[in-house]
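Convention: sequence-line order gives letters A, B, ...; per-chain numbering from 1.
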There are 2 protein chains.
Amino acid sequence: MTVTIYDVAREAGVSMATVSRVVNNNPNVKPQTRKKVFEAIERLGYRPNAVARGLASKKTTTVGVVIPDISNSIFAEVARGIEDIANMYHYNIILCNADKKKEKEIRVINTLLEKQVDGLLFMGGAVTDEHVQAFKTANVPIVLCATTDEQGTIPSVDIDHEAAAFDAVNALIQKGHRAIAMISGTLQDPANGYARFQGYKRALEQAGIAYDESLVRVGNYRYESGIEAMKYFLELKDTPTAVFSATDEMAIGAIHAIQDSGAKVPDDISVISVDNSRMASMVRPQLSTVAQPMYDIGAVSMRLLTKLMKKENVDDPKVVLPHEYISRQSVQPV
Amino acid sequence: MTVTIYDVAREAGVSMATVSRVVNNNPNVKPQTRKKVFEAIERLGYRPNAVARGLASKKTTTVGVVIPDISNSIFAEVARGIEDIANMYHYNIILCNADKKKEKEIRVINTLLEKQVDGLLFMGGAVTDEHVQAFKTANVPIVLCATTDEQGTIPSVDIDHEAAAFDAVNALIQKGHRAIAMISGTLQDPANGYARFQGYKRALEQAGIAYDESLVRVGNYRYESGIEAMKYFLELKDTPTAVFSATDEMAIGAIHAIQDSGAKVPDDISVISVDNSRMASMVRPQLSTVAQPMYDIGAVSMRLLTKLMKKENVDDPKVVLPHEYISRQSVQPV
DNA sequence: CTGTTAGCGCCTTCAC
DNA sequence: GTGAAGGCGCTAACAG
């Protein structure tokens with residue numbers, strides 16, 4: 001039924017070892033024999049069994065990717081970056097959604113490790129001790145992608161979320177805004193949540209603006225929650241003149257909530273956010289936002305992982321990619 | 001270094017076979033011995049090697065997924081449906097982007113097959129003879145996801161793209177529109193391209209409206225191409241009163257192009273499309289569109305694949321999921 | 001340059 | 001209910 005390396009060897013009149021060599025591009029084969037083998041392969045329709053190869057060589061050329069949610073455009077973009085580079089280095093990826101649930105994350109990490117992936121890319125919520133524990137039992141490299149661990153002991157690639165948020169809010173302050181509301185992500189989320197909130201606070205503080213709790217609403221990253229949060233702000237006696245959203249999608253919700261109320265963006269209220277997803281320029285007015293290089297985060301982390309897997313030494317295992325403020329149409333001086 | 005089933009057997013004072021039985025939940029093990037084995041596993045931190053298991057059992061509990069582009073929200077949604085169901089049945093997925101390029105598709109199909117996936121989900125451009133050829137050499141089940149083959153010989157799950165487009169255009173016609181433009185996808189693409197274009201033509205024909213070539217522009221599915229196409233229509237001496245876009249994203253581009261020109265949607269021009277991606281309700285006015293159940297297409301196709309892999313018999317290997325017109329705010333009577 | 005020989009870690013009859 | 005033994009298909013020394 002299935003044709004094996006042994007069949008090819010017999011057909012070509014050589015040994016298994018030789019077939020293995022040509023299949024693996026080992027130069028130590030006479031061109032003639034190589035040709036014979038290729039012909040036999042062709043004739044028999046031989047297809048190498050990667051599982052057997054993996055068992056024998058202890059390499060699967062497969063990496064595990066745990067991601068919060070592939071249907072979230074931000075992560076999908078990162079995933080594309082990962083896959084492109086993986087592909088370039090002849091790796092395949094096993095993708096697992098874990099929705100930032102610790103339990104699910106630990107579970108998939110383990111099944112990925114059982115599958116003998118050569119490396120692991122972890123994109124998730126908080127990196128807890130349990131995670132670190134699970135990573136330790138792996139004897140393959142791990143890199144955190146779009147997150148970091150507290151202790152800074154695990155290789156990672158991410159942007160500086162706190163600074164990105166700071167820059168966004170600061171852009172508002174530079175335009176004269178002082179009543180600046182924030183639509184935050186959940187504070188349990190270290191990157192998109194907590195760090196961005198901290199950046200907001202620091203920017204206010206530096207400008208001598210008192211932090212006002214009633215100017216902060218926590219959303220769930222979705223469009224609707226942006227709308228809800230904004231509606232709340234709109235009903236305040238002192239409506240803010242600007243709002244900073246932790247993510248684009250909620251920002252778009254905010255823009256629409258403002259517009260639906262009859263007010264104008266940015267004339268009445270300015271809106272700014274962090275992400276620069278493709279949607280940012282698919283709204284009117286186009287959204288001003290601090291760009292986070294999603295694709296690159298994926299690509300760079302996969303590249304880093306390949307180096308780790310090849311045991312090449314890397315200078316800095318903690319890479320922080322630059323963010324950049326993109327000024328479009330949703331912000332104007334107060 | 002790595003602890004194997006043999007180590008566990010020795011530690012527990014039983015044979016490898018017994019360990020294998022408890023790991024695989026084989027009931028023929030005395031509770032006592034089962035307990036002993038579990039303890040040994042715990043103590044040693046044993047983790048089954050899925051590669052070895054795969055080689056011995058000829059099952060990898062892994063399925064291959066070839067997808068055009070995971071960063072496209074439509075496909076990302078499908079992928080989420082796939083992964084959720086895969087997960088439910090304890091399968092993992094290897095994801096490969098192939099950008100609807102035939103060559104790349106064939107290549108990844110082959111590497112997926114080399115990796116001994118238990119089944120394959122194919123989401124791509126046209127299904128050519130070469131594809132069918134590649135599928136034949138696989139001795140695992142394949143299901144087409146969000147596409148179909150001409151001959152209808154391969155299991156698949158999709159919507160009726162032609163009918164969906166027809167319904168959309170017909171909704172316009174029912175509102176009295178006659179000058180209806182179309183922003184199409186590339187005609188080489190059987191599903192989103194050709195079929196939807198055919199639906200457009202059939203709707204016109206049935207209403208006795210002459211087909212006008214100048215009212216059709218081919219886009220590349222992206223927002224910008226929707227803008228471009230619409231700009232073209234806007235400059236026609238007889239501007240259409242409605243436009244049908246093959247996809248949401250181009251439709252949103254069209255809406256913005258109209259708005260940027262100073263006209264209003266739907267007052268001056270109505271816009272309708274097919275997809276109902278999340279973005280459809282994230283525009284003002286909200287987009288009226290024929291919904292295509294992306295998540296379900298993924299889920300159902302994965303479910304079908306599990307049946308095929310278990311050699312259960314399926315009544316109908318060609319499933320066509322229903323589509324549905326969602327009326328929002330972008331269409332109004334002429 | 002090429003062949004021989006052991007495994008890789010596990011499953012799976014087949015006996016007991 | 002449990003153990004022994006033979007592969008699964010391939011790679012990797014080690015000879016020659």
Which residues pass the side chain to side chain donor-acceptor pair (under 3.5 Å) test with [X], sequence neighbours left out?
X        : answer
A:Glu130 : A:Lys102
A:Asn72  : none
B:Glu114 : none
B:Lys35  : B:Glu39

Integer-rounded Å distance: C:dT13 C1' and B:Asn28 CG: 14 Å
In whole Å, what is the span from the CG atom of B:Leu55 to the C1' atom of C:dG7?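 Rounding to the nearest Å, CG of B:Leu55 and C1' of C:dG7 are 12 Å apart.
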Look for any protein N or O under 3.5 Å of an N or O in nucleotides 10-12 of chain C and output each such pair with its distance, or none.
unit_1, atom_1, unit_2, atom_2, d
C:dC10, OP1, B:Tyr46, OH, 2.5
C:dC10, OP1, B:Asn49, N, 3.1
C:dC10, OP2, B:Ile5, N, 2.4
C:dC11, OP1, B:Asn24, OD1, 3.4
C:dC11, OP1, B:Asn24, ND2, 3.1
C:dC11, OP1, B:Arg53, NE, 2.8
C:dC11, OP2, B:Ser20, OG, 2.7
C:dC11, OP2, B:Asn24, ND2, 3.4

Using the closest heavy atom to pick a nucleotide of DNA chain D for each, name whichever of B:Lys58 or B:Val14 lands nearer the 5' end. B:Val14
Can you name the ring-ring contact (aromatic ring centres under 6.0 Å, His included) partners of B:Tyr221, sequence neighbours left out? none
Which residues share a ring-ring contact (aromatic ring centres under 6.0 Å, His included) with B:Tyr194, sequence neighbours left out: none
Toward the 5' end of DNA chain C, by each residue's nearest nucleotide, A:Lys30 or B:Thr2: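 Nearest-nucleotide comparison on DNA chain C picks A:Lys30.
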Just to verify, which of B:Met123, B:Lys104, B:Glu105 counts as forming a side chain to side chain contact (heavy atoms under 4.5 Å, CB included) with B:Pro68?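 For B:Pro68, the side chain to side chain contact (heavy atoms under 4.5 Å, CB included) test succeeds with only one of B:Met123, B:Lys104, B:Glu105, which is B:Met123.
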To the nearest 10 degrees, the angle between the two end axes of the helix from C:dC1-D:dG16 to C:dC16-D:dG1 (five pairs per end) comes to 30°
With a 4.0 Å limit, can you tell me whether A:Thr18 has a side-chain N or O closer than that to the phosphate oxygens OP1/OP2 of C:dG3?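 Yes, within the criterion.
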Which residues satisfy the salt bridge (Lys or Arg N to Asp or Glu O under 4.0 Å) test with B:Lys318, sequence neighbours excluded?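 Only B:Asp149 meet the salt bridge (Lys or Arg N to Asp or Glu O under 4.0 Å) criterion with B:Lys318.
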Can you give the first and last nucleotides of DNA chain D, 5' to 3', that have an atom under 4.0 Å from a heavy atom of chain B? D:dG1 to D:dG9
Does a side chain donor of either A:Asp158 or A:His161 reach within less than 3.5 Å of an acceptor in the other side chain? yes
Write out all pairs satisfying salt bridge (Lys or Arg N to Asp or Glu O under 4.0 Å) with one or both partners inside residues 46-73 of chain B, taking only residues at least two apart or from two chains.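 Listed by first then second residue: A:Arg80-B:Asp69.
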Can you give each donor-acceptor pair under 3.5 Å made by side-chain atoms of residues 11-23 of chain B, sequence neighbours left out, with the distance rounded to 0.1 Å?
unit_1, atom_1, unit_2, atom_2, d
B:Glu11, OE2, B:Arg43, NH1, 2.3
B:Ser15, OG, B:Ala17, N, 3.4
B:Ser15, OG, B:Thr18, N, 3.4
B:Ser15, OG, B:Thr18, OG1, 3.4
B:Ser20, OG, B:Asn24, ND2, 3.4

Give one of base, sugar-phosphate or nothing for A:Val51, where a contact means two heavy atoms less than 4.0 Å apart. nothing
